[in-house]
Amino acid sequence: MDYKNSLNLPRTDFSMKADLVAREPERLRRWEAAGLYQQIQAQRAGAKKFVLHDGPPFANGDVHIGTALNKILKDILVKYKSLRGYQAPYIPGWDCHGLPIEFKVTQEMRKSGQAAADAAAIRKACEAYAQKYIGIQREQFRRLGVLGEWDHPYLTLDKAYEAEELRLFADLVEQGFVYRGKKPVYWSIPCRTALAEAEVEYQDHVSPSVYVKFRLVGHPGTSVVIWTTTPWTLPANLAVAYNSTFSYSLVRVGEEELIVSALLLPAIAEKCGWSGYEIVRSLDGGHLSGLEYEHPFCQRTGRFFAGDSFVDNTTGTGFVHIAPGHGLDDYLLGMKEGLPIYSPVDDDGRFIHTSDLPVAQQMPAAMVGASILEKHGKSEANEAVLHELRVRKALVHQENYHHSYPHCWRSKTPIIFRAMDQWFIRVDHVVDGVSFRERALQEIERVEWVPDWGRSRIEAAVKARPDWCISRQRSWGVPIPAFYDAHGQAILDARVVRNAADLFEKHGSNIWFEQPAAELWAALKPPGWTGPEPASKSTDTLDVWIDSGSSSRAVIARREALRGTSRPHQCDMYLEGSDQHRGWFQSSLLLSLAGHGSAPFRTVLTHGFMVDADREKISKSKQGQGGYEKPQTAEAYVKKWGADIVRLWVSSQDFRNDIIVSEERIAKVAETYRSLRNALRYQLSNLYDFDPARDAVPAEQLTALDRWILDEFSRLEQEVMAAYDRYEFHVVYQKLSQFVAVELSAIYHDVVKDRLYTDAASSLRRRSTQTALHWLVGGLCRMLAPILAFTADEAWEWVPGRSAGSVHLLSWEPLDLRLTEADRAVWNALFKLREAALPVLEEARQAKQIGKALDAQLVFTGPASALAPAAARVEDLRELLNVSQLEVRPGEGAEVSVTVHKAAGEKCERCWHWETSVGASAEHPTLCRRCVEVVRTPA
RNA sequence: GGGCGUGUAGCUCAGUUGGUUAGAGCACGCGCUUGAUAAGCGCGGGGUCACUGGUUCAAGUCCAGUCACGCCCA
């Protein structure tokens with residue numbers, strides 16, 4: 001007779017094969033058709049809020065795997081908070097303005113023959129470009145299983161966004177934060193335009209390398225020697241930098257005494273042909289402060305300052321000539337020491353006299369008009385300077401110098417660094433007697449930074465940062481609504497800015513570029529204006545960090561779902577990469593503090609960066625030859641593995657450090673996924689005939705083994721929740737996968753098969769275990785839902801008696817079915833005996849004495865003290881070991897020992913146990929007593 | 001060059017206030033099972049805790065330095 005049909009073998013349509021790549025999109029479509037995100041929000045209406053405000057990615061290109069990591073982390077947290085009963089809205093955003101888009105668009109326009117497009121036309125094309133990539137990225141983010149208001153994201157190009165941004169800006173203008181000053185920018189002479197970093201190409205170039213004497217004031221016959229490869233910047237020289245940690249040598253060369261770095265002296269002497277020099281004495285760098293020198297050809301003197309961060313000892317002389325209008329180090333030093341940002345060069349790249357210094361102190365009149373632009377490797381300006389140096393015997397040595405130098409991508413000519421008028425936010429602006437920088441540092445103290453070193457990092461950044469240069473000479477951005485009067489003086493007024501905000505909110509900011517200055521002024525002029533009348537309008541746009549940094553006003557305070565109660569602009573959390581300590585976290589903090597009086601976030605969570613299998617940053621050069629197989633886009637990984645594998649991979653690593661992305665790593669995570677999925681499948685497949693309303697066993701009637709697993713599970717839940725609460729998703733991953741591998745798969749699931757398959761379907765013991773499985777599968781679905789957004793939802797559909805259509809609509813309350821300490825102690829003792837017995841069973845298997853454990857009989861002997869718990873729980877221990885027979889003999893021997901025998905009796909055809917009762921029934925001669933009873937009982 | 005971090009088995013992670021032969025899961029090797037079966041179970045090998053020096057009766061754990069890697073700045 002075939003007794004197999006009398007078993008309760010597992011069955012389920014929850015497939016073993018996940019086929020995520022094909023099946024996830026179907027589920028996604030159902031979620032969207034049902035409005036799952038809206039359902040979740042509606043269900044949590046009125047609940048305590050948890051607001052995570054999305055940092056906007058740049059609307060350009062495909063979603064990079066690093067960007068996907070960020071979005072997935074946010075989604076895991078939002079889903080978890082929602083599961084725990086919070087109302088956790090998520091409104092994604094995009095950063096739309098900025099140079100990379102403008103650059104691409106102008107390139108494309110040029111290729112298609114639209115050479116001389118005006119700003120308004122470029123901006124329209126930029127908006128179309130941004131919208132296109134928002135569409136692309138939105139689908140890629142959605143595909144990852146990220147739930148949110150994808151149909152109503154926030155865009156920094158929205159009219160309302162721009163208007164709020166300008167209103168915040170107006171508040172800053174009103175408080176006196178904003179001023180006009182000078183800062184060096186890249187300048188292309190033929191194009192007559194400022195360039196951004198991205199528009200600069202480095203090419204090999206030959207520059208004149210010159211060593212120049214600067215005579216010391218009060219020390220006749222003594223000079224320091226500086227080195228430069230841009231002689232044309234010497235007319236703008238206002239200081240000399242040294243390194244206070246270096247040692248310098250005072251050397252006699254002929255009649256003169258010269259000072260250079262001690263370390264570089266031999267090299268300099270060789271270059272300059274100082275055959276018979278003699279070291280007079282050495283000088284500590286620290287002793288150079290306070291010295292003064294005469295400019296080699298201008299009627300002025302300059303001072304020496306320490307520049308340890310940029311004066312190096314590998315090239316040059318250990319002295320760097322400082323022209324604050326022509327270099328970034330120079331500029332920063334100049335700002336620090338209060339020097340004018342002097343840049344005697346006009347838009348055409350010709351020397352001029354400026355109003356920064358008295359004309360008498362500036363370059364000789366003969367130099368004025370000389371062009372810096374190089375022709376055939378020479379420039380008028382360099383030649384004029386070299387001539388002047390030779391005439392005055394200040395030129396020690398000159399040679400050609402080959403190096404990589406920035407060039408304009410368009411004209412291919414060497415660029416120059418040139419100070420220009422820009423708008424700034426004054427970081428040390430004093431309001432009510434306290435400097436803004438100080439207030440910012442105080443506010444940083446009030447914010448929770450996770451990990452905590454984020455605090456020191458942003459503190460250092462805020463302490464050291466210079467004033468914020470907020471203007472850009474670009475078209476694709478929010479226009480700065482400033483005007484200039486007939487004398488070129490800037491007009492920036494808070495009332496005008498607010499009027500502009502209103503105008504832009506109605507018509508869009510393109511109107512600024514479409515209408516002439518006079519018309520704009522007519523629309524924006526405040527009533528009762530007594531200031532100067534404008535002659536022209538500003539064509540500058542705001543730094544894009546002002547755009548995204550204004551989102552506390554433009555998004556958090558304005559979106560009903562996000563708005564805070566006591567502080568409308570403040571939310572619970574910002575979650576971005578650690579580079580944002582200097583980026584978005586800082587711009588958002590400064591703007592919100594200046595405009596609203598406090599930070600826009602209560603907690604800032606940061607993650608590390610993607611690195612490759614060698615723990616090095618992902619670089620394009622490694623792609624292809626021997627490196628990565630494919631571009632590191634989210635789509636590439638999702639198409640190969642499915643979103644849930646990518647999500648599980650994100651959760652598997654401690655994101656506070658670097659995150660390793662490699663095929664090998666993801667393949668391992670996929671293995672873990674399979675074991676999680678199989679555990680769920682096992683549980684579901686054994687619940688096919690279980691209706692919790694009808695069959696559930698009350699907790700107090702559950703069998704001891706079931707109580708044990710539920711105790712373990714309760715503990716796991718506490719640990720997993722604690723890990724989620726600490727944002728340690730990798731701990732969730734570890735705890736869950738280990739629990740599934742050990743407590744479930746290796747122990748509970750394995751042990752309980754006998755009961756589930758062979759006991760009568762509706763027996764108390766089987767129903768007890770099904771009750772436990774039902775709790776377990778429901779709990780696992782909840783625990784996994786934030787991470788395995790698709791799979792947990794899929795499994796949930798098969799849970800009998802489920803209370804909600806989607807796992808994401810559930811709330812997660814921890815199960816609290818704990819054992820008493822005494823009961824746990826007993827189980828610990830049983831497991832100790834199990835551990836002692838397993839190797840003995842293995843030996844018997846190796847010796848071919850038994851095959852599976854059910855073939856065996858185990859005998860435990862040992863002192864009564866050690867075996868007492870087991871003696872009272874022989875049947876539990878037998879189940880744990882999956883053997884047919886087990887005996888405990890307390891009082892035999894001084895140590896616990898385990899022996900294996902071939903089990904007695906015959907193997908029951910139905911349950912495969914070895915039992916002496918097999919054969920006792922004439923009706924079922926191949927069955928044991930238990931199975932005979934089961935088979936006789938009608939179903 | 002400066003600031004902030006990281007460095008424990010092949011991989012991902014645990015290692016409480018310094019205290020017995022450094023743990024887990026996965027992967028790997030060898031078996032068992034074939035009633036979770038493109039599954040499941042058992043056993044086993046594998047680490048000079050980046051390196052060097054120091055404090056201590058005792059250091060993966062504290063201190064100093066070095067190296068490598070990441071982010072930011074220069």
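Below, read A as the first sequence line, B as the second, and so on, with proteins coming before strands; counting in each chain starts at 1.
A:E459 pairs by the side-chain contact (heavy atoms from CB on, under 4.5 Å) definition with A:L441, A:I444, A:E445, A:R455, not counting sequence neighbours. For A:V932, the side-chain contact (heavy atoms from CB on, under 4.5 Å) partners two or more places apart in sequence, or in a different chain, are A:S921, A:H924, A:L927, A:R936. For A:K907, the salt bridge (charged side-chain N to carboxylate O under 4.0 Å, His left out) criterion is met by no residue, not counting sequence neighbours. Among residues two or more places apart in sequence or in another chain, the side-chain hydrogen bond (donor to acceptor under 3.5 Å, both in side chains) test is passed with A:R715 by A:D711. Residues satisfying the side-chain contact (heavy atoms from CB on, under 4.5 Å) test with A:R437, not counting sequence neighbours, are A:V427, A:D428, A:S435, A:V462, A:R465. Residues that satisfy the salt bridge (charged side-chain N to carboxylate O under 4.0 Å, His left out) test with A:E797, not counting sequence neighbours, are A:R27, A:R30. Residues forming a side-chain hydrogen bond (donor to acceptor under 3.5 Å, both in side chains) with A:K753 (at least two apart in sequence, or on another chain): A:D750. Residues satisfying the side-chain hydrogen bond (donor to acceptor under 3.5 Å, both in side chains) test with A:N678, not counting sequence neighbours, are none.
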Next item on the list: At under 4.0 Å between heavy atoms, which parts of nucleotides 33-41 of chain B does protein reach? Answer with one letter per nucleotide, 5' to 3': B base, S sugar-phosphate only, - none.
Entry: S-BBSSSSS
Next item on the list: Using a 4.0 Å cut-off on protein heavy atoms (strictly under), produce a 5'-to-3' string for nucleotides 65-74 of chain B with B for base contact, S for backbone-only sugar-phosphate contact, and - for none.
Entry: ----SSBSSS
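Pairs of residues two or more places apart, or lying in two chains, never qualify as salt bridge (Lys or Arg N to Asp or Glu O under 4.0 Å) while including a residue from residues 314-331 of chain A.
One P atom belongs to B:C63, the other to B:U56, and the distance between them is 16 Å to the nearest Å.
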Check: Tell me, what's RNA chain B's dot-bracket, Watson-Crick or G-U with both distances under 3.5 Å, | for other-strand, [ ] crossing?
Finding: (((((((..((((.....[...)))).(((((.......))))).....(((((..]....)))))))))))).
